[in-house]
Protein chains: 2
Amino acid sequence: MRVSSVEIDKAASILKLLGDKTRLTMVKLLNNHDCCVCEFVEIFKMSQPAISQHLRKLKDAGVVRETRRGQWIIYSLNQDNDYYPLVRTVLDHLPSQDNLLEELEEQGLRISCE
Amino acid sequence: MRVSSVEIDKAASILKLLGDKTRLTMVKLLNNHDCCVCEFVEIFKMSQPAISQHLRKLKDAGVVRETRRGQWIIYSLNQDNDYYPLVRTVLDHLPSQDNLLEELEEQGLRISCE
DNA sequence: TACTTATATAAGTAAATTATTATATATTAA
DNA sequence: TTAATATATAATAATTTACTTATATAAGTA
């Protein structure tokens, strides 16, 4: 198989980020749907600062991007970097987590609507 | 793409293990060559217990296997588990680290000879 | 047998990680 | 302008991690 190669230090740092269950699930979700912070707070039953801090790490590494939409900040997967293929292949090995968003939807708590 | 899927908790724990530069390099090397502990000690310029502890974690997770050959214990990649495809795809995104073994060879410090 | 070599384990420690609570900032709405 | 909502940041505490040194075990060799 021929795939783009990522410097080993950078790869290790990306894998470390993905090696946390919360962040890994976040990124898997973002692979299919953009999400805002408050949705993650609901999904993970975790404090808002905790969620913000996970997203900050992912953003600092370039894995995700943010854009403001009114009072919400919408996070999305950044497909525009050298190690996106690595991230993408990892995600391909994970089962869909979309049921988490469907539960939100049933509760009427879904915000971002792309 | 259709690939085998790994439970997200297990995937996170594997990625966490691979998210350390030393372990990631070890596993990348083991993908091509079996190695013993003392070789890793030379390669990483790290204490023998530090190396042993990294290998222990990889072994406990099922990523690597060990077999004794005389006084040496040879480590190899365990291709016989459900998440090997995940590990393998990650490794495919990394540049070869074989130069590290070549340097050993030049110093006459290579042990395992498969 | 005693010594050497290869490896593992145990105990201790410094640094990193992941959460928390408290507070600040920015947008929207009354 | 004031209040409410969404998010970020700061300070802090508990836990985990990745080393270190000291020691134990197991195999090979003189």
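Proteins come first, then strands; the chains are lettered A, B, ... in the order of their sequence lines, and each starts at number 1.
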Is B:Tyr75 touching bases, backbone alone, or none of the nucleic acid, heavy atoms closer than 4.0 Å?
-> sugar-phosphate
Rounded to whole angstrom units, what separation is found between the CH2 atom of A:Trp72 and the P atom of C:dT28?
-> 9 Å
Side chain to side chain contact (heavy atoms under 4.5 Å, CB included) involving B:Gln71 - partner list, sequence neighbours excluded | none
Can you tell me the distance, in whole Å, between the CD1 atom of A:Ile51 and the P atom of D:dT9?
-> 15 Å
Where A:Pro95 and B:Val6 come nearest, the two heavy atoms and their spacing | CD-O, 3.0 Å
With sequence neighbours left out, the residues meeting side chain to side chain donor-acceptor pair (under 3.5 Å) with B:Ser52 are B:Gln48
Using distance only, find each side-chain donor-acceptor pair of residues 101-108 of chain A under 3.5 Å and give its atom names and separation, not counting sequence neighbours.
none

All side chain to side chain contact (heavy atoms under 4.5 Å, CB included) counterparts of A:Ser13, not counting sequence neighbours = A:Lys10
Which residue pairs pass the salt bridge (charged side-chain N to carboxylate O under 4.0 Å, His left out) test with at least one member in residues 79-89 of chain A, sequence neighbours excluded?
-> A:Arg88-A:Asp92
Base versus backbone protein contacts along nucleotides 18-30 of chain D [heavy-atom cut-off under 4.0 Å; B, S, -] = SBBBB----SS--
Starting at atom CZ of A:Phe44, determine the distance to atom C1' of C:dA19, rounded to an integer number of angstrom.
-> 15 Å
Just name whichever nucleotide pairs with D:dA30, Watson-Crick or G-U, keeping both distances under 3.5 Å, else none.
-> C:dT1
Between CD1 of A:Ile74 and P of C:dT27 the distance, given in whole Å, is 14 Å
